[in-house]
2 protein chains.
Amino acid sequence: MITTTLKKLSEISGLSISTVSRALKNHPDISEKTKLLVTELASMLDYEPNINAVHLRTRDSRLFGVIVPSLSNCFYNSVIASLEEEARKNDYSLIILQSVDDPDIEAANIKLCRQNRVNGLFASITPETINIEPFLKLAEIDIPVIFFDRVPDRSDCHKICVADIDSATIAANLIAENSKKKVLAIFGNSKFLITKKRYQAFTSILHQYNIECITAYATDGTHARQIANDYLPEKPDVVFCMTDEILAGVMRATQKRKLKIPDDIAVITISNGFLPTLYYPQITYIETSGEKLGKLAFESMMSTLSGSTFIHDKIIESVLVRGGSI
Amino acid sequence: MITTTLKKLSEISGLSISTVSRALKNHPDISEKTKLLVTELASMLDYEPNINAVHLRTRDSRLFGVIVPSLSNCFYNSVIASLEEEARKNDYSLIILQSVDDPDIEAANIKLCRQNRVNGLFASITPETINIEPFLKLAEIDIPVIFFDRVPDRSDCHKICVADIDSATIAANLIAENSKKKVLAIFGNSKFLITKKRYQAFTSILHQYNIECITAYATDGTHARQIANDYLPEKPDVVFCMTDEILAGVMRATQKRKLKIPDDIAVITISNGFLPTLYYPQITYIETSGEKLGKLAFESMMSTLSGSTFIHDKIIESVLVRGGSI
DNA sequence: ATATCAACCGCAAACGTTTGCAATGCAGTT
DNA sequence: AACTGCATTGCAAACGTTTGCGGTTGATAT
């Protein structure tokens, strides 16, 4: 690979390296003639600054790390898409890494971020992450870490989450409003704080209303389908799904049994918004917007970077999107 | 941000920078005592090499660029997920960028890749990309560009695509086998080579069998739904969808009209494999695997990097996955 | 003729690594 | 005693930038 460098431009133009450098960044010290000459030469030779050299010299990477459990997950992708957009607008780059739910890979990814001297890190931890020391160490050396979605259960770190209690509350209330009598509620990984909170909020409200509730935790879509198959015979009149994955499993089960929605059984879910629109009637869902989360996380990052010592603990507000499934 | 550098380690240990450097990379010249001393010191101080300095010095970035039209697209995400995995295994990093179908942003992204001195680029171009010069320029300076999925229509560049003709052929033949008489076929963006090829293959086979065929091009899911709404009254007995997006639109239309699948109307689609499983019966589809594409693209990259001058023009084989929709 | 000033430009150091080469010390050989 | 050879370590240059500071012009004012 043969690249043009400032030195090469300097040799060709007969100007010094510093003059070439300044000319390219429109420094007032440099005359217009020189600037023109240099910029033309640079574009002739397709000059692009070596970003490694720039970062080394300026001691600034203008780079954020993003670590997510999985890249083949629609929710994280919407978060990443919005982070990427914000980053671009602010002249930052992103190094995007997936931990595939493996704490070792997660650790390696953190290492990579350190090596890259990222200015900050957006992270969603794996269910198996027991030791968040490596993250905290980043924070110690003034590299802000903004946790999102799957966050550690402690108060001394930045957290941006989709609504936990709120969204479960909305769902539970909607179920009560519709005078449902027997609920099948399928939650996600019980290790997550968000699951615990939603479970707690959801069941306590149903309890207040004296509504019967079968609860279960699903590890994935297939498991959710199995759970649905097991419990549908007990004739719940509504099923609540905590995630898109669970919804997909549940829908397969109901469709197979030719249950009419919402007449035979009502469905309500918490979702990113994509899956619910695939069905007819569209599934009523409480929206957890990855885009909004991304934007908010980015804002938090920028604000901490600009000196704020405030600990961000934000929640994406829940919006009920009415479909025809309840 | 206060970081440990080789210099700092050297000062503390009383050894020279070069010795510290060599000790850390287990160079045979260094005695075991020294190695132990240095590695312990390094881990005490959380030393991580500054990757910018390393890259600058070694003139190698071990970095690949990835440019996709959109990060909130399941297909590309499966490609990216598999690229990321391969990259990690081979000690490469990825810089992932989205062009949001804007040629200007795409150009800016290419620039970023150049600035980062990527070792290679994986790219899927926007529908509006008329000038692929910037890509070719990369290739000129020995930065391999592997186009995937949406590729330029010229023979002098590496291309990895999902099957175009093949997948359409399989679909058409399956339709013929099932003695369907009237097909509604909805294709994607007519600007893409892949669309043209599939259209051509699909319609010509139907023509051979003397099967009536209504064809249309959809720009997105909503548009596909509209098209379906327009043409379903003409009572086609099977609908062919070229993409997942189109399938989603079509399914909404059929569900709304309470058409039974496959009795009232059969459905067949080309898909990544996720959407078809959401419905009941599962939709029969011709699989276009993003994972396989990613792996194959990565292989091509490695082989060109290791000196092969062969122009890769590969196709991910099509696999028919039978559901119950036809 | 000299001083002043602005406009323009170059020197050189620094960022944190890697690495060819030279230097050092020391044991064993002759 | 001088030499060889080996094991260990250090020197210094280079990668491609940025930037503080100082230098060189030429014009204008005194």
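Residue numbers start from 1 in every chain, and the chains themselves are labelled A, B, ... in the order their sequence lines are given, proteins ahead of strands.
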What is the separation between atom OH on Tyr47(A) and atom C1' on dG16(D), rounded to the nearest whole Å?
7 Å
Taking atom P of dC8(C) as reference, at what distance in whole Å does atom NZ of Lys33(A) sit?
7 Å
Looking at Lys7(B), does any N or O in its side chain come under 4.0 Å of the phosphate oxygens OP1/OP2 on dC15(C)?
yes
For the pair made of CG in Asn116(B) and P in dC15(D), what is the distance, rounded to whole Å?
20 Å
Using atom types as modelled, flag every donor-acceptor pair under 3.5 Å from a side chain in residues 8-15 of chain B to any protein atom, sequence neighbours excluded.
from, atom 1, to, atom 2, distance (Å)
Lys8(B), NZ, Thr3(B), O, 3.2
Ser10(B), OG, Leu15(B), O, 3.0
Ser13(B), OG, Leu9(B), O, 2.8
Ser13(B), OG, Ser10(B), O, 3.4
Ser13(B), OG, Leu15(B), N, 3.2

In whole Å, what is the span from the CD atom of Glu32(B) to the P atom of dT9(D)?
11 Å
Stems where DNA chain D pairs, listed by first number, each of three or more Watson-Crick or G-U pairs under 3.5 Å:
C:1-30 with D:1-30
Looking at Cys113(B) and Gly65(B), what are the two nearest heavy atoms and their distance?
SG-CA, 4.0 Å
To the nearest Å, how far apart are Leu56(A) CG and dC15(D) P?
14 Å
If I take atom CG in residue Asn50(B) and atom P in nucleotide dC15(D), what distance separates them, rounded to the nearest angstrom?
18 Å
Decide, yes or no, whether a salt bridge links Glu85(A) with Lys295(A) under the criterion of side-chain N to carboxylate O below 4.0 Å.
no
Say whether Asp149(A) and Tyr76(A), considering side chains only, have a donor N or O and an acceptor N or O under 3.5 Å apart.
yes
Against the side chain of Leu6(B), the closest entry in dG16(C), dT17(D), dT17(C) is dT17(C)
In whole angstrom, give the distance that lies between atom CG of Asp60(B) and atom P of dA14(D).
21 Å
Does the side chain of Arg59(B) get closer than 4.0 angstrom to OP1 or OP2 of dA14(D) through an N or O atom?
no
Charged N to carboxylate O under 4.0 angstrom, Lys137(A) versus Asp46(B)?
yes
Contact list please: residues 8-29 of chain A against DNA chain D, heavy atoms, distance less than 4.0 Å, in numerical order.
Ile17(A), Ser18(A), Ser21(A), Arg22(A), Lys25(A)
When the ring centroid of Phe122(B) is compared with that of Phe148(B), is the distance short of 6.0 Å?
no
Just the rounded figure in Å: distance from C1' of dT8(D) to CG of Leu36(B).
16 Å
Indicate whether any N or O donor in one side chain lies under 3.5 Å from an N or O acceptor in the other, for Thr126(B) and Thr129(B).
yes
Determine whether Thr288(A) and Ile316(A) make a side-chain contact, defined as any pair of heavy atoms from C-beta on separated by less than 4.5 Å.
no
State whether Glu48(A) and Arg117(B) are salt-bridged, where the test is any N-O pair (Lys NZ or Arg NE/NH1/NH2 against Asp/Glu carboxylate O) under 4.0 Å.
no
